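Computed from a predicted model, the values in this text were never measured in an experiment.
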Amino acid sequence: MLAVTACSTGSGEAAPPAPPSASARRKAAATHTPPSATPTSSHPSDRSTAMDIRVTLDGHPVEATLNDSPAARDFAALLPLSLDLADFHDMERTADLPRELDTAGSPAPVAARAGDIAYYAPWGNLALFHRDGPDASADLLVLGHLDVSADQLGEADRITVEAATT
């Protein structure tokens, strides 16, 4: 395991040490919005659906869609996936993906909202937000959305994602 030290939040106070996980490193970096990351009024989960997917959380089916971004299409190419989820800051459930996603041509960044399926590029992990996320960051790409209660998502331990059959 790697020990990671969080960077300053820019407020003059040092951020607390992050847990030794990829999702912790992602969250620490996500609190710093790069100058090129300008939020927009549109939200990537509102884009047209690139692919219908079938999702189960802890064995219970939930409605889900992927947007039409390059990273979402690359995520769909990994399916089927079954991933163990871990809590991060009582805001999101995270899991490491088997490989990094292609982020070329990604849309303008937006802040993640509760229910969003997102990808944090620097560490290659998936994030399922059960609360609204941090400010927009070019490193955090929204891939789609889950239609599930915040409570169910916040307590989920395992996700299975498959291509929907027609």
Side-chain angles (χ1 to χ4, degrees), residues 1-7 9 15-34 37 39 43-45 51 53-67 69-103 106-107 109-162:
M1 295 195 110
L2 298 172
V4 178
T5 306
C7 10
T9 60
S21 70
S23 59
R25 295 187 312 264
R26 180 189 57 70
K27 180 55 97 196
T31 60
H32 174 73
T33 304
H43 198 271
S45 61
M51 178 181 207
I53 55 174
R54 192 170 60 216
V55 173
T56 59
L57 289 174
D58 297 331
H60 301 285
V62 299
E63 294 292 321
T65 57
L66 291 179
N67 62 39
S69 69
R73 288 190 302 270
D74 196 29
F75 175 72
L78 292 175
L79 304 182
L81 285 174
S82 286
L83 304 167
D84 291 323
L85 299 170
D87 178 63
F88 189 78
H89 286 277
D90 196 29
M91 180 185 302
E92 60 192 85
R93 303 299 287 175
T94 62
D96 291 329
L97 292 173
R99 67 166 172 79
E100 293 182 357
L101 299 181
D102 180 4
T103 60
S106 295
V110 296
R113 299 185 303 206
D116 279 348
I117 304 166
Y119 174 68
Y120 187 69
W123 293 293
N125 59 330
L126 191 67
L128 309 174
F129 284 86
H130 57 93
R131 295 179 190 246
D132 288 349
D135 291 339
S137 165
D139 292 330
L140 184 66
L141 307 172
V142 174
L143 305 176
H145 195 79
L146 297 166
D147 186 16
V148 62
S149 75
D151 289 340
Q152 183 182 357
L153 185 54
E155 295 175 5
D157 291 319
R158 186 145 181 90
I159 186 171
T160 300
V161 186
E162 301 170 291

Please evaluate residues Leu83 and Leu97 with respect to the criterion side-chain contact (heavy atoms from CB on, under 4.5 Å), reporting the C-alpha separation (whole Å), side-chain torsions for both, the decisive distance (0.1 Å), and the verdict.
CA-CA 8 Å; Leu83 304 167; Leu97 292 173; 3.8 Å; yes
Quick one: do Val62 and Gln152 satisfy side-chain contact (heavy atoms from CB on, under 4.5 Å)? Show the steps, please.
CA-CA 10 Å; Val62 299; Gln152 183 182 357; 3.8 Å; yes
Give the C-alpha distance, both sets of side-chain angles, the deciding distance and a yes or no for side-chain contact (heavy atoms from CB on, under 4.5 Å) between Tyr120 and Thr94.
CA-CA 10 Å; Tyr120 187 69; Thr94 62; over 6 Å; no
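Between the CG atom of Leu146 and the NE2 atom of His130 there is a distance of 12.0 Å, given to the nearest 0.5 Å. For the atom pair CG (Leu78) and CZ (Arg73), the distance works out to 14.0 Å, reported to the nearest 0.5 Å. Atoms CG and CG, on Leu128 and Leu153 in that order, are 5.5 Å from each other to the nearest 0.5 Å. Atom CD1 in Ile159 sits 6.5 Å away from atom CG in Leu126 (nearest 0.5 Å). In this structure, CG in Asp84 is found 10.5 Å from CG in Asp96, a value given to the nearest 0.5 Å.
Of all heavy-atom pairs spanning Leu140 and Ala118, the tightest one is CD1-CB, 3.8 Å. Summarising the geometry of His145 relative to Ala114, their closest heavy-atom pair is CE1-O, 3.1 Å, with the distance given to 0.1 Å. The shortest non-hydrogen separation linking Ala136 to Val110 is CB-C, 3.5 Å. Taking all atoms of both residues into account, the shortest heavy-atom contact from Arg131 to Asp90 is NE-O, 2.7 Å. Residue Met91 comes nearest to Pro134 through the heavy atom pair SD-CD, 4.0 Å, listed as atom of the first residue, atom of the second, then distance. Scanning all heavy atoms of the two residues, the minimum distance from Tyr119 to Leu101 falls at OH-N, 2.9 Å.
Under the salt bridge (Lys or Arg N to Asp or Glu O under 4.0 Å) rule, Arg93 has a single partner from Asp157, Asp116, Asp58, which is Asp157.
Looking at Asp74, its side chain does come within 3.5 Å of a backbone N or O of Asp102 through a donor-acceptor pair. Under the 3.5 Å distance criterion, the side-chain polar atoms of Asn67 are left unmatched by any main-chain donor or acceptor of Ala72.
For the pair Pro98 and Leu81, the minimum side-chain heavy-atom distance is below 4.5 Å. Side-chain atoms of Arg158 and Ser82, non-hydrogen and from C-beta on, do get closer than 4.5 Å to each other.
More than 12 heavy atoms of other shown residues, nucleotides or ligands fall within 6.0 angstrom of atom CD in Glu162.
Using modelled atom types, one finds no donor on one side chain facing an acceptor on the other under 3.5 Å when comparing Ser149 with Asp151.
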